[in-house]
Amino acid sequence: MAEVLPYGRQTIEDDDVAAVAEALRADFLTTGPRVEAFERAFAETVGARHAVACSSGTAALHLAMLALGVGPGDVVIAPAITFAATANCARYQGAEVVFADVDAETGLMTPETLEEALSRLGGRRLAAVLPVHLAGNTVDLPAIRRLAEPAPLVEDACHALGTTMRFGNLTEQVGDGRHGALACFSFHPVKTITTGEGGMVTTPDAALADRLRLFRSHGIVRDPALFETPRAAPEPWAYEMQALGFNYRLPDVLCALGISQLAKLGRFAARRRALAFDYWRLLARYAPLVKAVAPPPHCDPALHLFTVLIDFETLGLDRGAVMGALAAKGVGSQVHYIPVHRHPYYRSRYGEIALPGAEAYYARCLSLPLYPAMADSDPERVIEALAAVLGL
Ligand SMILES: Cc1ncc(COP(=O)(O)O)c(C=O)c1O
């Protein structure tokens with residue numbers, strides 16, 4: 001049987017391994033010079049003023065909530081189609097989540113679905129809106145921002161490193177801080193670049209960047225100039241814990257991998273675009289029963305996931321059985337995502353919520369293999385297998 005294609009996979013090359021080995025032999029395994037170097041390189045790559053590295057995309061989202069001072073009595077709005085962490089980060093802080101519906105064809109929050117979610121705030125303070133750039137496709141940021149104001153946007157950009165956008169005459173990059181107060185990235189292995197576990201927050205705001213750094217490391221301050229308690233004599237050992245923070249640091253060793261991977265972002269993104277282009281071409285003849293999710297017109301995505309929408313109902317097929325049959329042909333697939341409000345935790349907190357766009361997207365979505373190391377011939381192999389399994 002041919003090699004099994006997973007739906008996503010990291011690309012680790014010899015120079016990545018060498019970079020990690022070099023860091024392992026150096027003086028710092030935890031916080032060292034590679035942390036700042038990774039942050040600087042990342043900020044430059046996405047056009048952000050500040051970038052703060054942390055231990056995961058989930059930590060990035062939680063740090064964003066901490067930096068904004070989100071807390072009990074507050075509400076955030078997050079879309080129903082995402083990974084649970086987008087909503088959970090607000091719950092960590094005791095805030096509540098209003099789930100916005102999504103466009104049934106893209107899975108993205110839209111100005112219309114945000115407006116509807118805003119009508120469900122019930123007089124509570126809106127602390128942030130968390131649009132998700134699902135699969136690498138971005139929401140209409142200017143319109144979403146106008147509706148959210150004065151609440152800030154926290155972009156969940158975990159899928160969208162390398163995506164560019166065009167609004168008016170401006171070409172923008174995800175994470176450049178033109179619309180969002182904060183943008184959160186993940187370096188989990190199936191993402192566009194990886195550090196194993198890892199994350200990054202970008203922001204245009206120096207004060208928010210300081211707060212991200214404070215909460216990343218226990219709320220501890222080491223600079224005597226910033227101490228709240230005056231000291232009569234120097235205390236070389238002194239530090240102050242000024243807020244309740246966490247250990248969300250990303251070690252030097254993983255930053256070494258991040259720096260090495262980031263240098264390949266252009267190549268990785270181009271490969272993802274080329275593979276997606278082949279998929280789009282091959283899938284055209286199967287519409288409307290099988291359709292690739294089309295990127296919004298403002299967006300040139302470096303896709304993290306290649307998602308197809310399959311009309312299982314009309315085909316009279318069960319998605320689990322289709323996934324099993326694909327796996328038997330060596331094609332991995334996955335479902336992104338079970339609507340978050342459907343999970344028992346959120347169902348018991350907020351009850352049943354009718355979000356028809358999310359249901360329609362969820363009922364049809366399937367992620368097919370997409371990662372840089374796929375062979376040129378793989379998209380054809382995948383679509384042939386899919387057509388055979390679907391009887392098309
Ligand atoms: C949309 C989205 N948000 C947040 C996360 C959390 O990232 P991490 O797994 O790095 O904690 C993920 C990762 O899977 C994700 O896909």
Side-chain angles (χ1 to χ4, degrees), residues 6-10 38 42 51-66 76-93 97 99-100 102 106-109 128-139 141 144 153-163 174-175 180 182-202 212 215-216 246-251 254-255 257-258 261-262 272 293 299 301-307 334-341 343 346 358 361-362 365 367 370-371:
Y7 81 87
R9 194 179 195 290
Q10 69 274 20
F38 185 32
F42 195 90
V52 177
C54 58
S55 51
S56 67
T58 305
L61 288 160
H62 189 194
L63 285 172
M65 295 296 102
L66 287 157
V76 307
I77 294 178
I81 296 289
T82 184
F83 183 58
T86 319
N88 295 351
C89 64
R91 292 293 309 127
Y92 297 154
Q93 290 306 107
V97 183
F99 287 102
V102 298
T106 61
L108 295 170
M109 181 195 279
V129 172
L130 289 102
V132 175
H133 300 314
L134 188 70
N137 292 321
T138 52
V139 302
L141 278 167
I144 296 269
L153 299 189
V154 175
E155 296 171 60
D156 184 331
C158 288
H159 293 187
L161 177 60
T163 288
V174 169
L182 298 142
C184 300
F185 295 86
S186 164
F187 308 128
H188 183 272
V190 293
K191 302 296 193 291
T192 307
I193 67 164
T194 189
T195 59
E197 299 281 4
M200 190 76 76
V201 190
T202 60
L212 293 167
F215 287 109
R216 172 176 67 177
F246 295 81
N247 179 350
Y248 280 161
R249 297 185 301 264
L250 187 64
L254 297 186
C255 288
L257 181 54
Q261 287 264 299
L262 190 62
R272 284 176 178 274
V293 169
C299 160
L303 286 181
H304 154 58
L305 299 170
F306 193 87
T307 312
Q334 192 47 275
V335 173
H336 297 96
Y337 289 96
I338 298 167
V340 182
H341 67 290
H343 285 296
Y346 283 110
Y361 184 86
Y362 172 59
C365 67
S367 304
L370 184 69
Y371 51 92

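In each ligand, atom 1 is the first atom listed, and ligand 1 is the first ligand listed. Just so you know, these numbers come straight off a predicted model, no measurement behind them. Only this structure's heavy atoms are used, side chains among them; waters, hydrogens and symmetry mates stay out.
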Mind checking whether His62 and Tyr248 have parallel, tilted or perpendicular rings, split at 30° and 60°?
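Because their plane-to-plane angle is over 60°, the rings of His62 and Tyr248 count as perpendicular.
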
Parallel, tilted or perpendicular for Phe187 and Phe42, by the 30°/60° rule?
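The rings of Phe187 and Phe42 stand perpendicular, inter-plane angle above 60°.
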
Starting from the N and O atoms of ligand 1, collect every protein N/O partner closer than 3.5 Å and put each pair on its own line with the distance to 0.1 Å.
{"residue": "ligand 1", "atom": "3 (N)", "partner": "Asp156", "partner atom": "OD1", "Å": "3.4"}
{"residue": "ligand 1", "atom": "3 (N)", "partner": "Asp156", "partner atom": "OD2", "Å": "2.7"}
{"residue": "ligand 1", "atom": "10 (O)", "partner": "Gly57", "partner atom": "N", "Å": "2.8"}
{"residue": "ligand 1", "atom": "10 (O)", "partner": "Ser186", "partner atom": "OG", "Å": "2.7"}
{"residue": "ligand 1", "atom": "11 (O)", "partner": "Gly57", "partner atom": "N", "Å": "3.4"}
{"residue": "ligand 1", "atom": "11 (O)", "partner": "Thr58", "partner atom": "N", "Å": "2.9"}
{"residue": "ligand 1", "atom": "11 (O)", "partner": "Thr58", "partner atom": "OG1", "Å": "2.5"}
{"residue": "ligand 1", "atom": "14 (O)", "partner": "Lys191", "partner atom": "NZ", "Å": "3.0"}
{"residue": "ligand 1", "atom": "16 (O)", "partner": "His159", "partner atom": "NE2", "Å": "2.7"}
{"residue": "ligand 1", "atom": "16 (O)", "partner": "Tyr337", "partner atom": "OH", "Å": "3.0"}

Using only heavy-atom distances, determine whether the side chains of Asp156 and Thr86 contain a donor-acceptor pair under 3.5 Å.
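Yes, side-chain donor-acceptor contact under 3.5 Å.
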
Assess the residue pair Tyr7 and Leu305 against the criterion (side-chain contact (heavy atoms from CB on, under 4.5 Å)); give the C-alpha distance rounded to whole Å, side-chain angles, the decisive distance to 0.1 Å, and a yes or no.
CA-CA 8 Å; Tyr7 81 87; Leu305 299 170; 3.7 Å; yes

How about Asn137 and Leu303: do any of their side-chain heavy atoms sit closer than 4.5 Å?
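Yes - at least one pair of side-chain heavy atoms lies under 4.5 Å apart.
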
How long is the gap from OG1 on Thr307 to NE2 on His159, to the nearest 0.5 Å?
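Rounded to the nearest 0.5 Å, the OG1-NE2 separation comes to 9.0 Å.
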
